[in-house]
Amino acid sequence: MQESFTENKLEKILVIDDHESVLFGTIQIIKKQYNDAEIATAENAQSALKQIEIIQPDVVVMDLSIPEKSGETGRTEVGIELLRKLLKNYPTLNIIVQSAHIKTLVRIKPEIDAHQGGFTIADKSLSSQEMLRRVDWAFQGLTHTKDIKGSGLEIKPECVTLVNLAFNEGLTDKAIAARMCVSERMVRHYWTKLQDALEVYPEEKKNIRIQTEKSAREMGLID
């Protein structure tokens, strides 16, 4: 077995996932290489934040589709918001995102890039050996985010808000302007910037808004 970077050290690991079978499977994989580690679990965002405050883990392994609290349904928006809080409040925490919704990380790519701790990504389809490799990288403080589709995009936060209001809530530009407290002209400016980043431009006989929505969903900006 590959020698672990954390050999001979007692590490604290928090695993966050709302599916019991996946949670158990992840723990079993981690124990193969970190047998002496103290492993805690959380099944929702509220529990995760409490656990992090109490045990102060060295590494967090988290899914993105999780519920806000017990009894609720898992949603990627909840996982993204939890991750945003971790990046802000724990700037040196080592994080591994293990999820089938990796592409949604493009929504907070600038925040991920600014993170000082290790940050790696492990799609749930990866082998256990590759998963352990990503865990070890995170322990070492390394960053591995090339799996984020469209990771080179420069998407501003206001553009992410724009596509959510337009395509998930179905608001008009006028209503979007009111919600974002900007002018309709500024909303049109956001559309231009977003479409340029997505490389969506006017084409004959094609609706540019439909093309923008399609591209935004493909890149993970919206579900």
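- Connection of Val78 to Leu14 is established within a shared hydrophobic cluster, with ILVMFWY side chains joined at heavy-atom distances below 4.5 Å, either directly or through further cluster members.
- Defined by atom type and a distance below 3.5 Å, a donor-acceptor pair is present between the side-chain atoms of Asp136 and Tyr34.
- A salt bridge between Arg185 and Asp173 is absent, with no side-chain N of the basic residue lying under 4.0 Å from a carboxylate O of the acidic one.
- To the nearest 0.5 Å, atom CD1 of residue Ile27 and atom NZ of residue Lys32 are 13.5 Å apart.
- At least one donor-acceptor pair closer than 3.5 Å links the side chain of Thr26 to the backbone N or O of Val22.
- Dense packing is recorded around CD of Gln28, with more than 12 heavy atoms of other residues, nucleotides or ligands lying under 6.0 Å away.
- Linking ILVMFWY side-chain heavy atoms closer than 4.5 Å, directly or via other members, places Leu126 and Phe139 in two distinct hydrophobic clusters.
- Note that CZ of Arg107 and CG of Leu64 are 9.0 Å apart. Values are rounded to the nearest 0.5 Å.
- Using a 4.5 Å heavy-atom cutoff, the side chains of Leu165 and Ile176 are in contact.
- Under the 4.5 Å side-chain criterion, counting only non-hydrogen atoms from C-beta, Glu38 is not in contact with Glu11.
- You'll find the side chain of Phe119 stays beyond 4.5 Å of the side chain of Asp113, heavy atoms only.
- The two residues Ala138 and Ile95 make their nearest non-hydrogen contact at CB-O, 4.2 Å.
- Among all heavy-atom pairs drawn from Gln56 and Lys12, the shortest one is O-CD, 4.1 Å.
- Classification of Glu81 and Arg84 as a salt-bridged pair holds, one side-chain N sitting under 4.0 Å from a carboxylate O.
- Surrounding CD of Glu169 are more than 12 heavy atoms belonging to other residues, nucleotides or ligands, all under 6.0 Å away.
- Note that the CD atom of Glu218 and the CD atom of Glu213 stand 11.0 Å from one another [nearest 0.5 Å].
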Thr92 and His115: side-chain contact (heavy atoms from CB on, under 4.5 Å), yes or no, with the steps? CA-CA 7 Å; Thr92 61; His115 189 58; over 6 Å; no
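- Judged by distance alone, the side chains of Glu43 and Ser70 never bring a donor and an acceptor atom under 3.5 Å apart.
- Across every non-hydrogen atom of Ala100 and Lys124, the tightest pair is N-CG, 4.0 Å.
- When side chains are defined from C-beta on, Arg133 counts as touching Trp137, because their heavy atoms get closer than 4.5 Å.
- With sequence neighbours excluded, the residues forming a ring pair (Phe, Tyr, Trp, His ring centres under 6.0 Å) with Phe167 are Trp191, listed by chain and number.
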Using side-chain contact (heavy atoms from CB on, under 4.5 Å), reason through Leu82 and Leu49 one step at a time and then give a plain yes or no. CA-CA 8 Å; Leu82 172 62; Leu49 289 173; 3.6 Å; yes
Intermediate values then yes/no, side-chain contact (heavy atoms from CB on, under 4.5 Å), Val135 and Met131: CA-CA 6 Å; Val135 173; Met131 165 60 180; 3.8 Å; yes
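- Under 4.0 Å is where a charged nitrogen must lie from a carboxylate oxygen, and between Arg134 and Asp123 no such pair does.
- One finds the CE atom of Met219 at 11.0 Å from the CG atom of Leu194 (value rounded to the nearest 0.5 Å).
- Placement of Leu162 and Val182 within a single hydrophobic cluster is found when ILVMFWY residues are connected by side-chain heavy-atom separations under 4.5 Å, directly or transitively.
- Val160 has its side chain out of reach of Ile108: every pair of non-hydrogen atoms, C-beta onward, lies at least 4.5 Å apart.
- When all heavy atoms are compared, the tightest approach of Leu132 to Ile29 is CD2-O, 3.3 Å.
- Side-chain atoms of Thr104 come within 3.5 Å of backbone N or O of His101 as a donor-acceptor pair.
- The two residues Val106 and Gly220 make their nearest non-hydrogen contact at CG1-C, 3.9 Å.
- For the residue pair Asp63 and Ser65, no side-chain donor N or O sits within less than 3.5 Å of a side-chain acceptor on the partner.
- Two different hydrophobic clusters hold Ile210 and Val163 under the rule that ILVMFWY side chains link at heavy-atom gaps under 4.5 Å.
- Considering CD1 of Ile16 and OG of Ser99, their distance stands at 12.0 Å, rounded to 0.5 Å.
- Residues Met180 and Tyr190 are in side-chain contact: their nearest non-hydrogen atoms beyond the backbone lie under 4.5 Å apart.
- Ala37 and Ile13 get closest at one heavy-atom pair: CB-CD1, 3.9 Å.
- One hydrophobic cluster holds both Ile208 and Leu221 under the rule that ILVMFWY side chains link at heavy-atom gaps under 4.5 Å.
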Walk me through whether Met62 and Leu86 qualify under side-chain contact (heavy atoms from CB on, under 4.5 Å). CA-CA 11 Å; Met62 64 174 289; Leu86 299 185; 4.2 Å; yes
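- Note: Glu77 CD to Ile222 CD1 = 10.5 Å, rounded to the nearest 0.5 Å.
- Using modelled atom types and a 3.5 Å distance limit, the side chains of Gln195 and Thr212 yield a donor-acceptor pair.
- Residues Leu93 and Asp58 have side chains not in contact (no heavy-atom distance under 4.5 Å, counting atoms from C-beta outward).
- The shortest distance between side-chain heavy atoms of Pro67 and Asp18 falls below 4.5 Å.
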